[in-house]
Amino acid sequence: MPSTTPLTQDDLTRWRACPRRHWLQRHVAPSESAPPAPCALINGFDPHFTDRAPTDQTLRATFPEAVCIAPPPDEESWAKAIADTRACLAQGWLAGARQDDGRAILGACLESNEGVRVQIDVLAAGEHGLRLFKVRHATVGTDADVDLVALWTHVAARCGLRVQSAGLMLIDTDFVYPGLGCYAGLYREVELMPVLGSRPVAQWLVGVRASERGPEPPVAESDACQAPCPFLRHCGIPSRRVEREQATSLNIVGRELAATLRERGHINVMSVALDELPDQRRRRAVRAVQQGRCIVEPEASTLLRALPYPRYTLRMDTIGFAHPIWPGTRPYQIMPFQWTCDAQAAPAQLQQHAFLATEQGDPRRAFAQSLIDMLCGSGPIFAYNAGFERNRIKELALAFDDLAGALHALDTRIVDLFQLARAHAYHPDMCGSWSFHSFVRAFAPQSNADRFEWRGITEAQEAFALSLQGSLSRDALDSLRQALLAYGQRQTEALRLIVHLFESSACA
């Protein structure tokens with residue numbers, strides 16, 4: 001029976017977000033639901049590891065005497081993990097230890113007499129009891145983190161443990177990685193015990209049990225239903241775009257103006273008169289949607305035709321590691337790892353160039369020098385939302401004084417296609433979004449420039465992080481790097497196509 005199945009923290013999270021989903025998770029056979037998303041684990045590597053070094057390595061820098069309990073994947077493993085945790089506690093591993101002893105249980109597994117199972121990230125020694133922490137690979141916590149710490153504290157207390165303090169271990173952005181795996185000081189502790197009383201965990205658990213024992217809750221569709229959920233089909237909710245993503249949504253003119261238009265009785269932009277809109281940019285967007293076509297104003301062509309050759313089209317890719325891996329870098333420091341550039345000496349003359357970092361260490365200097373070598377001389381450099389490229393160039397100039405002059409010279413040549421498009425163009429398929437992916441998806445859909453895929457990985461940053469791990473065969477690594485290079489080429493090809501379309505005042 002569902003009521004006898006142990007509850008987990010995932011059950012509580014699901015129930016609080018959607019009681020119906022929790023009920024279905026307990027009562028509906030997996031075959032009746034949509035298939036789950038494929039596992040992204042590749043050769044033992046989790047791509048979500050992209051933004052951090054191995055957790056046990058960084059935590060052991062803070063707790064060098066820690067005992068690790070492996071995450072239990074099944075019922076038998078849960079029983080062993082709980083027994084191992086109890087054995088550590090019974091042997092007095094944490095009892096009487098000083099707070100600076102570095103003793104802890106990482107991944108402590110507990111089950112309360114209410115039938116609630118949890119795995120606690122860190123259970124450490126304190127002066128007057130135990131210290132309990134959730135490790136958060138971020139600089140700030142969330143309400144969901146507080147809820148989870150409250151649940152862990154509740155279960156620990158029901159198991160007879162004396163919890164002195166409970167909180168979060170967050171990434172300290174002032175930390176500078178010295179190298180050699182020395183991560184001591186990476187985390188800062190945030191105490192949550194004073195606010196945990198506002199979380200009625202016992203009532204929540206009663207509600208969870210009552211919900212799963214009761215009848216099937218009714219469908220209450222919300223934005224949350226658009227998130228990955230294996231029961232969308234069961235609830236009769238098609239996998240579709242929500243209203244804010246639709247081409248005709250009032251939100252394409254901005255949320256504040258959309259609210260005003262709704263007060264006037266408009267449901268979408270199809271009924272909005274152009275004179276109700278305050279500026280040309282929004283009038284152009286609404287006109288494009290109402291007419292069902294993209295609009296490129298002649299001014300775009302005039303501006304682009306005035307730009308000389310040679311011309312360059314540039315895209316950069318960056319990554320930010322929560323746990324820095326290169327000496328001298330900080331958590332979440334933006335690290336460029338790839339650039340792609342199409343060079344045109346004349347309209348019919350094209351050369352494609354690229355740089356992709358290897359596992360040989362901090363790639364910034366090689367990135368900067370190769371970019372200077374590629375773009376030396378003159379000519380406009382097209383980029384989209386060029387503030388991103390400009391900021392990376394400025395950061396590289398600050399890091400390498402001897403390259404600063406050449407890098408700043410590149411900065412002055414950049415032409416921002418984002419600003420050009422906002423001032424002179426709109427495509428209904430942008431659905432109000434001016435992101436790079438929305439932009440190329442609308443104006444150059446055949447390019448597939450908004451998509452990356454390699455063996456189940458759909459983010460270029462995750463793929464690059466995997467390439468640094470040393471876990472791939474040579475053939476797999478070559479394949480991954482070729483996928484990254486091809487992705488960059490698709491991006492610059494798309495921007496080059498859009499420049500041509502704008503220059504001719506045409507649409508794809």
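Just so we're clear, the structure is a prediction, and the values are computed from it rather than from any experiment.
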Got a second to check how far [X]'s [atom1] is from [Y]'s [atom2], nearest 0.5 Å?
{"X": "L59", "Y": "L186", "atom1": "CG", "atom2": "CG", "result": "8.5 Å"}
{"X": "D84", "Y": "I105", "atom1": "CG", "atom2": "CD1", "result": "10.0 Å"}
{"X": "R188", "Y": "F175", "atom1": "CZ", "atom2": "CZ", "result": "14.5 Å"}
{"X": "L396", "Y": "I372", "atom1": "CG", "atom2": "CD1", "result": "8.5 Å"}
{"X": "D121", "Y": "L132", "atom1": "CG", "atom2": "CG", "result": "8.5 Å"}
{"X": "T153", "Y": "L192", "atom1": "OG1", "atom2": "CG", "result": "8.5 Å"}

State, yes or no, whether a side-chain contact exists between [X] and [Y] at a heavy-atom distance under 4.5 Å.
{"X": "W78", "Y": "P6", "answer": "no"}
{"X": "K394", "Y": "L407", "answer": "no"}
{"X": "Q482", "Y": "L485", "answer": "yes"}
{"X": "L170", "Y": "T139", "answer": "no"}
{"X": "V415", "Y": "I381", "answer": "no"}
{"X": "L106", "Y": "V67", "answer": "no"}
{"X": "S165", "Y": "E191", "answer": "yes"}
{"X": "L420", "Y": "L417", "answer": "yes"}

### Task
Can you establish whether the number of heavy atoms outside R86 located under 6.0 Å from its atom CZ is more than 12?
no
Give a yes/no verdict on a cation-pi contact between [X] and [Y], requiring under 6.0 Å between NZ or CZ and the six-membered ring centre and an angle within 45° of the axis.
{"X": "R16", "Y": "W204", "answer": "yes"}
{"X": "R131", "Y": "F133", "answer": "no"}
{"X": "R315", "Y": "F436", "answer": "yes"}
{"X": "R422", "Y": "W434", "answer": "yes"}

Is it the case that the side chains of [Y] and [X] hold a donor-acceptor pair, with the cut-off being a distance below 3.5 Å and no angle test?
{"X": "D10", "Y": "T13", "result": "no"}
{"X": "H323", "Y": "Y187", "result": "yes"}
{"X": "D342", "Y": "T313", "result": "no"}
{"X": "D373", "Y": "Q369", "result": "yes"}
{"X": "Q344", "Y": "Q351", "result": "no"}

### Message
What verdict does the side chain to side chain donor-acceptor pair (under 3.5 Å) test give for Q333 and E395, after you've listed the backbone C-alpha separation in whole Å, the side-chain angles of each residue and the deciding distance to 0.1 Å?
### Response
CA-CA 10 Å; Q333 183 172 342; E395 290 161 0; over 6 Å; no
### Task
In sequence, state the C-alpha distance, the side-chain angles, and the governing distance for L151 and R199, and then conclude on side-chain contact (heavy atoms from CB on, under 4.5 Å).
CA-CA 9 Å; L151 175 65; R199 267 54 179 184; over 6 Å; no
Salt bridge check, [Y] against [X]: does any charged N sit closer than 4.0 Å to a carboxylate O?
{"X": "E65", "Y": "R103", "result": "no"}
{"X": "R21", "Y": "D11", "result": "no"}
{"X": "D402", "Y": "R365", "result": "yes"}

When you measure from the side chain of [X] to the backbone of [Y], do you find a donor-acceptor pair of N or O atoms at a distance under 3.5 Å?
{"X": "D145", "Y": "G141", "answer": "no"}
{"X": "Y177", "Y": "G181", "answer": "yes"}
{"X": "Q164", "Y": "H128", "answer": "yes"}
{"X": "T173", "Y": "P331", "answer": "no"}
{"X": "R330", "Y": "D172", "answer": "no"}
{"X": "E359", "Y": "L468", "answer": "no"}
{"X": "S249", "Y": "I252", "answer": "no"}
{"X": "Q469", "Y": "A465", "answer": "yes"}
{"X": "N251", "Y": "G254", "answer": "no"}
{"X": "R481", "Y": "L356", "answer": "yes"}

[X] and [Y]: which non-hydrogen atoms are nearest, and at how many Å?
{"X": "A483", "Y": "W454", "result": "CB-CD1, 3.7 Å"}
{"X": "R60", "Y": "C68", "result": "NH2-SG, 3.2 Å"}
{"X": "V149", "Y": "G167", "result": "CG2-O, 3.9 Å"}
{"X": "T340", "Y": "Q489", "result": "CG2-N, 3.7 Å"}
{"X": "G387", "Y": "D416", "result": "N-OD2, 4.4 Å"}

### Task
Please lay out, stage by stage, how R117 and E75 fare under the test salt bridge (charged side-chain N to carboxylate O under 4.0 Å, His left out).
CA-CA 11 Å; R117 287 177 178 172; E75 186 69 22; 2.6 Å; yes
Verify whether the ring centers belonging to [X] and [Y] lie closer than 6.0 Å.
{"X": "F502", "Y": "F443", "result": "yes"}
{"X": "W326", "Y": "F321", "result": "yes"}
{"X": "F337", "Y": "F367", "result": "no"}
{"X": "Y384", "Y": "F439", "result": "yes"}

### Pair H353-W339, side-chain contact (heavy atoms from CB on, under 4.5 Å): steps then yes or no
CA-CA 8 Å; H353 304 268; W339 61 254; 3.9 Å; yes
### Task
Under the side-chain contact (heavy atoms from CB on, under 4.5 Å) rule, what do D429 and R441 come out as? Steps first, then yes or no, please.
CA-CA 8 Å; D429 289 347; R441 193 181 300 132; over 6 Å; no
### Task
Under the salt bridge (charged side-chain N to carboxylate O under 4.0 Å, His left out) rule, what do R392 and E389 come out as? Steps first, then yes or no, please.
CA-CA 5 Å; R392 304 296 76 78; E389 278 78 10; over 6 Å; no
### Message
Test side-chain contact (heavy atoms from CB on, under 4.5 Å) on Q338 and L484; report intermediate values, then the result.
### Response
CA-CA 9 Å; Q338 177 174 353; L484 285 169; 3.8 Å; yes
